[in-house]
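Sending over a structure as structure tokens; questions will come in a sec.
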Amino acid sequence: MKCAPGETLTDYGIALGSNVGDRLSHLLTALGALAELGEIRAVSAAYQTAPVDCEGGAPPFLNAVAELRSAWGAEALWERLREIERGLGRPERRPQNAPRPIDLDILYAGKQVWRSEALTVPHPRLQGRRFVLEPLAAIRPDLVLPGFAVDVRTLLAELVSDEPPLLRYADLGAAVGRRGLAESWAAVAALKPAGRKLVCLTAGDYATARLLDEGGVDVVLAGDSLGMVLLGYQDTVEVTLAEMVQHTRAVRRGVKRAPLLGDLPFGTYATPELAVASARALVQAGADGVKLEGGVAMLPQVRAILAAGIPVVGHIGMLPQSVREEGGYKKKGRTEAAAAGLLADARALDEAGVEAIVLEGVVAAVAAAISQEVSCPTIGIGAGPDCDGQVLVTADLVGAFPWFRPPFAQARGDVAGVIRKAVAEFAEDVRG
Ligand code: KIV
């Protein structure tokens, strides 16, 4: 058997299925592992499907199909798929069709027709299964498999099956083709030792995100300030995880290059378990890491998220999610004790392994001292010029939110003015 990748590249159709535990995470983890074996050329959405040929009461599946271009031979790839399944907790021996965290099948292997004890390609039951044909038709409708007279689209149209309709459950495209989560932060980590400042701006929509990414910012933050500048809330406390997921998805579509930082909204990281679940939701929406507010008090949450393999950025100083408790936006680090507290927070986050720390509304000298002290970059906002980088809410930078702008944010544009003028001119044209 061939047990190392060779020279020839083959396009494999791989069916993925999961009906136990965090099914979407299992599919995403399996896709990540597949990406190590070649290039994922296409991936369907994840569809929720009724179990087929399973015991009564079996939980529903999430199914998807990916096409992998790989140098592994078919049988060796089959072995690798078994390893991925085992890595995701699928026991070696189990009753046939028992619930499983992950099921990976080779549907086709380029133009090969193959029959061995372990593997038959094309998969012998492929054309009778809606949960395979529908996702496959979504990515390769024109594919005519070896031994078949018609393309996949036609196989699906001609399928006679009593399977209920598939429910489109989640987009998997955002997770594929992205660099590994840790890898996407490598360029950020290199800035501070090289003495270069980090530039971060916020985005809550596709167009802004794309403009920032194309403009060369180092980090795009899908920050919960979008609750104020895009959704019209009075503060960030009202923002929900569902809203952050939706906006993070939109931002992901626009960001191809910089790491995309998702912001955990208020109330979604009260415990380490909740923090991990919320962070996963943002990663599934496309974030390359998450930011959360708080220092030493948040260490259990920070450690739990990091242990789940998700990069974290800290946020200390003036914490917008605590504005109601604190009765307003107040500068931090004014007394010696407060400055020492901030330094302890920053040190603890740095030692835990965060990618960076946002210092918001911190006395400039204190922010400078923290920046000297910690190894990770600090990103200042209203914290003086001596942080390792700066972040602004993009609406403040471009003058898109004229009703309030913090004093430290210098507007370099007048988007609100441009819109007002264009509206007036258009109205005049229309009304005559
Ligand atoms: O949500 C946001 O925009 C932020 C920045 C102010 C850092 O957290």
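Atoms considered below: every heavy atom in the structure, side chains included; atoms not considered: hydrogens, waters and symmetry mates. Counting convention: from 1, in listed order, for ligands and their atoms alike.
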Judged by atom type as modelled, is there a donor-acceptor pair below 3.5 Å linking the side chain of E326 to the main-chain atoms of M318?
no
Where ligand 1 meets T202 - atom numbers and elements under 4.0 angstrom, heavy-atom basis
3 (O)
Y329-E360 side chain donor-acceptor pair, cut-off 3.5 Å
no
Regarding ligand 1, does E360 bring an N or O atom to under 3.5 Å of one of the ligand's N or O atoms?
no
I need the nearest protein heavy-atom contact for atom 6 (C) of ligand 1: residue, atom name and distance, please.
I381 CD1, 3.6 Å
Under 4.0 Å, counting heavy atoms only: does K291 come that close to any atom of ligand 1?
yes
Going through the checks in order, is the side-chain contact (heavy atoms from CB on, under 4.5 Å) test met by I40 and L31?
CA-CA 8 Å; I40 296 184; L31 282 168; 4.0 Å; yes
Shortest protein contact, atom 2 (C) of ligand 1 (heavy atom only)
S225 OG, 3.3 Å
Checking the side chain of S278 only, and the main-chain atoms of L274 only, is there a donor and an acceptor separated by less than 3.5 Å?
yes
Run the salt bridge (charged side-chain N to carboxylate O under 4.0 Å, His left out) check on D396 and R405 step by step: do they pass?
CA-CA 6 Å; D396 295 337; R405 178 161 45 84; over 6 Å; no
Check each atom of ligand 1 against the heavy atoms of H315 and keep those under 4.0 Å away; list them by number with element.
8 (O)
Quick check on contacts: which atoms of ligand 1 are under 4.0 angstrom from a heavy atom of D224?
1 (O)
Using a heavy-atom cut-off of under 4.0 Å, does the side chain or the backbone of V393 touch ligand 1, or both, or neither?
side chain
Winner among D263, L221, L261 once heavy atoms are compared against atom 7 (C) of ligand 1
L221
Please check: side-chain N/O of T49 versus main-chain N/O of L166, any donor-acceptor pairing under 3.5 Å?
no
Within 45° of the ring axis of F426 and under 6.0 Å from its six-membered ring centre, is that where the NZ or CZ of R431 lies?
no
